[in-house]
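By convention in this document, chain letters (A, B, ...) are assigned in the order of the sequence lines, proteins followed by strands, and residues within each chain are numbered from 1. All values below were derived from every heavy atom in this structure, side-chain atoms included, with hydrogens, water molecules and symmetry-related copies excluded.
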Protein chains: 2
Amino acid sequence: MATTRDLLVETMKQLLWERGYDATSPNLVLERSGAGKGSFYHHFKGKKELAIAAMESRADELCEEFDRLVAVHSDPLAAVEAYMCLTRDAATGCRIGRIVQDPSLEDPLLNAPLKRFFGELHGKLSQLFLKAQTGAQLSDALSPDQLATLAISALQGGFVYGRAVQDGAAVNEATEGFIMLLNTQRLVR
Amino acid sequence: MATTRDLLVETMKQLLWERGYDATSPNLVLERSGAGKGSFYHHFKGKKELAIAAMESRADELCEEFDRLVAVHSDPLAAVEAYMCLTRDAATGCRIGRIVQDPSLEDPLLNAPLKRFFGELHGKLSQLFLKAQTGAQLSDALSPDQLATLAISALQGGFVYGRAVQDGAAVNEATEGFIMLLNTQRLVR
DNA sequence: GTCTATACCGAGATAGAC
DNA sequence: GTCTATCTCGGTATAGAC
């Protein structure tokens, strides 16, 4: 059953993805969802509270997607490659990275879900790289932490660059470039 | 001589860096610069026109900085390394990448300076990688284009990731990680 | 829980005097 | 070229009825 509250959260998730936080007005959420002002302010204190709920939901969703992908790969580097090489479109933008630069996100309460998500993602990737190094599959020239930072950056930066030059394929050019460089660091068995 | 027009452009450049386009109001520009509304709308048709002037100026400035850096390095890979490893702070943000995700930037007129800048940067980096490959200094496992895309993405994504997790050092962790991986692609002489 | 009416404010811009 | 007064619109939220 889709409660009105859930409907508002889902609509906000969509709009945050399309337009970010600052450019998404409560009126737009209401128009898009079909809900009324009364419902909105009954379920949430205001735009900020709704947005936080939406971001938490999005963060959970993306973490779960990542975990499912990892679960089907016993090889840690295969898992990393599978994640990085997912087909992405810079024109659509990252479902969560999209809003990082919004000025209002300087508010720690608003930023918290982003911080949590990227922190968790970084941790999960680091673990995979560490496992690959411990298993003598991967050179330890770079630390697991640094590899994770670079992986996330290549992905997020691909979205930024692709949006700027209006090239939807740029994200995957970046992520696949990272994977190719990473593969040169594999140790022969 | 700093004309009022120049003053407005400089103030807008600073505010675009700090807050992006959408969150920067004409009133803020006027307050910060000390100019009056009359001057503003005398010199520019509106906020959009001023922002374009500011972005063009910023793009020129950054291109020149890049060129100066390249000029002092005869070795192409040394030039790339020098650029990537400049000390940057994710807390401050990229002077130009900062605004790429602003919703209003979907307007082609507003986006044009960004597209030009990132296009030129990509071209310059590609040239350096090509030169390194032609000179047998660098493996050609990845194309110059793909290396350039990855370099820019690592940089821009470092800003995004660093802002999300509030770690100013993340940008350089990403850019230096890229350089370390790149260095494994150098060919022995 | 949901509706409509209302209020307040700042964004963005124009008009006309100086 | 610059100033102040003024205008319109939408963002964000509250009030009170249903």
Side-chain angles (χ1 to χ4, degrees), chain A residues 1-55 57 98-99 101-111 113, chain B residues 1-55 57 98-99 101-111 113:
Chain A
M1 52 164 195
T3 68
T4 299
R5 199 198 135 94
D6 291 342
L7 179 62
L8 287 168
V9 170
E10 282 309 311
T11 307
M12 188 50 140
K13 282 172 70 176
Q14 183 64 33
L15 284 167
L16 285 179
W17 183 12
E18 289 173 22
R19 314 170 46 91
Y21 178 82
D22 287 309
T24 296
S25 69
N27 279 332
L28 198 53
V29 176
L30 300 179
E31 191 183 328
R32 178 82 66 99
S33 67
K37 263 198 168 64
S39 305
F40 185 110
Y41 288 100
H42 171 73
H43 290 292
F44 301 95
K45 275 181 56 190
K47 169 181 168 180
K48 184 168 150 185
E49 194 175 293
L50 172 58
I52 290 175
M55 288 160 65
S57 166
R98 172 73 177 77
I99 59 185
Q101 307 265 15
D102 268 40
S104 301
L105 271 279
E106 270 166 27
D107 180 333
L109 254 69
L110 270 173
N111 185 65
Chain B
M1 52 162 195
T3 69
T4 298
R5 198 197 137 94
D6 292 342
L7 178 62
L8 287 168
V9 171
E10 282 310 310
T11 307
M12 188 51 140
K13 282 172 70 175
Q14 182 65 32
L15 284 167
L16 286 179
W17 184 12
E18 290 173 21
R19 314 171 46 94
Y21 178 82
D22 286 309
T24 296
S25 69
N27 280 331
L28 198 53
V29 177
L30 300 180
E31 193 184 328
R32 178 80 66 99
S33 66
K37 261 196 169 68
S39 305
F40 184 109
Y41 288 100
H42 171 73
H43 291 292
F44 300 94
K45 276 181 54 189
K47 168 181 169 179
K48 184 169 151 185
E49 194 176 292
L50 172 58
I52 292 174
M55 287 159 64
S57 166
R98 171 72 178 77
I99 59 184
Q101 307 263 13
D102 269 40
S104 300
L105 271 278
E106 271 166 28
D107 179 334
L109 254 67
L110 269 174
N111 185 64

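- Here the side chain of A:Ser57 pairs no donor or acceptor atom with the backbone of A:Ala53 at under 3.5 angstrom.
- Atom-to-atom, NE2 of A:His42 to P of D:dC18 comes out at 19 Å; the value is rounded to the nearest Å.
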Any protein N or O atoms within reach of nucleotides 3-8 of chain C? Criterion: under 3.5 Å, listing atom names and distances.
residue	atom	partner	partner atom	Å
C:dC3	OP2	A:Gly36	N	3.1

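- Remark: B:Glu49 engages B:Phe44, B:Lys45 in a side chain to side chain contact (heavy atoms under 4.5 Å, CB included) (not counting sequence neighbours).
- Of the possible donor and acceptor atoms, none in the side chain of A:Arg98 sits under 3.5 Å from a partner among the backbone N and O of A:Leu16.
- Atom CG of A:Leu8 is separated from atom C1' of C:dT2 by 12 Å (rounded to the nearest Å).
- Considering only residues two or more places apart in sequence or on other chains, B:Asp107 meets the salt bridge (charged side-chain N to carboxylate O under 4.0 Å, His left out) condition with B:Lys48.
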Got a list of side-chain donor-acceptor pairs under 3.5 Å for residues 25-34 of chain A, not counting sequence neighbours?
residue	atom	partner	partner atom	Å
A:Ser25	OG	A:Leu28	N	3.2
A:Asn27	OD1	A:Lys37	NZ	2.7
A:Arg32	NH1	A:Glu18	OE2	3.2
A:Arg32	NH2	A:Glu18	OE1	2.9
A:Ser33	OG	A:Val29	O	2.8
A:Ser33	OG	A:Leu30	O	3.3
A:Ser33	OG	A:Ala35	N	3.2

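- By the side-chain hydrogen bond (donor to acceptor under 3.5 Å, both in side chains) test, A:Asp22 pairs with A:Ser104, sequence neighbours left out.
- The distance from atom CZ of B:Phe40 to atom P of C:dT14 is 11 Å, rounded to the nearest whole Å.
- Pairs passing the salt bridge (Lys or Arg N to Asp or Glu O under 4.0 Å) check and including a residue from residues 4-13 of chain B, sequence neighbours excluded, read B:Glu10-B:Lys13, B:Lys13-B:Glu61.
- Note: CZ (A:Arg32) to P (D:dG11) measures 14 Å, nearest angstrom.
- Between B:Met55 and B:Ile99, some side-chain heavy-atom pair lies under the 4.5 Å cut-off.
- In this structure, B:Glu49 atom CD and C:dA13 atom C1' are separated by 14 Å, rounded to whole Å.
- Across the protein-nucleic acid pair, B:Phe44 atom CZ and C:dT14 atom P stand 15 Å apart, rounded to whole Å.
- Shown for residues 11-31 of chain A: no residue has heavy atoms falling under 4.0 angstrom of DNA chain C.
- A sub-4.0 Å separation between OP1 or OP2 of C:dT14 and a side-chain N or O of B:Tyr41 is absent.
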